[in-house]
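Following: one structure in structure tokens, then a few remarks.
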Amino acid sequence: MAAIPAGVIARLKGARHVVVFTGAGASAESGIPTFRDQQSGLWRHFDVQSLATPEAFDRDPALVWGWYEWRRVQVLASEPNAAHHAIAGLAARVERPTLITQNVDDLHERAGSRKVLHLHGRLCAPYCSACRSEYQAAPQPLQAQAGCRLEPPRCDRCGGRVRPGVVWFGECLPSGPWEQSVEAACRCDAFLCIGTSSLVEPAAGLTRAAIAAGAVTVQVNLDSTCLDDFVTLNLRGPAATVLPELLADVWPAVE
Ligand code: OAD
């Protein structure tokens with residue numbers, strides 16, 4: 001990891017409220033594909049309009065349900081990586097931690113993070129598209145593969161079609177997590193933006209809000225992003241290596 005200027009270290013160490021904001025790059029080293037990476041990004045291989053909109057689910061529910069079940073199987077087969085573990089460990093070492101994620105996997109929780117603000121929903125929390133009751137998904141759908149079609153189950157209560165528990169394009173973010181995230185971004189002392197292209201609104205606006213509010217902002221990413229010129233510090237490299245080193249340097253574990 002590149003040397004961090006002493007002034008930035010001092011501001012991070014002095015931070016009382018620390019926000020960690022993660023995107024797909026945080027789970028990439030657990031084997032979960034990102035969305036926009038050149039080779040392996042999901043939206044390079046699959047059509048967003050056919051899979052991640054309410055209209056797509058109305059048009060072809062089996063295609064959409066099958067695709068999200070395939071992704072859920074990928075998550076079930078993966079493990080949290082060193083970035084997830086480092087973030088979970090940080091919670092005990094700062095006065096006020098807030099963890100916000102755009103990821104629909106549960107790898108932060110499985111690493112031990114207790115309160116996670118999920119802005120884009122969760123793959124493991126499907127619900128009825130008619131009455132919005134939660135639905136207990138089968139533990140492991142064996143046939144789910146990329147491009148497979150699976151008929152969505154029916155709601156136990158009203159018989160409506162069960163839908164994936166994620167936020168689709170054109171839908172609002174869940175209001176509670178979103179409001180808490182905005183408040184945290186606007187009031188925090190330090191904001192760490194990990195593995196996101198910062199291209200999807202309104203989530204990407206959180207980092208800008210933290211910058212505008214005067215927080216010290218650190219971006220960890222393999223590549224450059226549209227925020228490179230605006231954050232306090234850019235750390236270029238894989239999150240599972242760079243983030244544990246950063247957090248151990250700034251907030252060493254108490255033995
Ligand atoms: P993207 O795929 O847009 O961006 C992933 C970012 O992570 C890129 O900037 C990569 O350079 C970086 N990256 C990849 N591997 C990394 C690694 N090992 N370490 C550090 N950085 C790495 O994913 P998001 O920004 O999360 O929304 O995408 C935002 C939203 O767009 C997603 O939540 C999803 C998608 O459409 C919904 O599904 C609603």
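Just so you know, ligand 1 is whichever comes first in the structure, and atom 1 is the first atom listed for that ligand. Since this is a predicted model, take the numbers as computed values, not measurements.
By the salt bridge (Lys or Arg N to Asp or Glu O under 4.0 Å) test, Arg154 pairs with no residue at all, sequence neighbours left out. Asp106 is linked by a salt bridge (Lys or Arg N to Asp or Glu O under 4.0 Å) to Arg110, counting only residues two or more places apart in sequence or in another chain.
Cluster partners of Val231 are Ile211, Leu227, Phe230, counting Ile, Leu, Val, Met, Phe, Trp and Tyr whose side-chain heavy atoms approach within less than 4.5 Å, directly or via other members.
Residues with a heavy atom under 4.0 Å from ligand 1: Gly23, Ala24, Gly25, Ala28, Glu29, Thr34, Phe35, Arg36, Asp37, Trp43, Gln102, His120, Val167, Phe169, Gly195, Thr196, Ser197, Val200, Asn221, Leu222, Asp223, Gly237, Pro238, Ala239.
No donor-acceptor pair closer than 3.5 Å links the side chain of His108 to the backbone N or O of His84.
The distance between the ring centers of Phe57 and Trp67 does not fall below 6.0 angstrom.
In summary, the side chains of Asp37 and Ser40 do not present any donor paired with an acceptor at a separation below 3.5 Å, with no hydrogens or angles considered.
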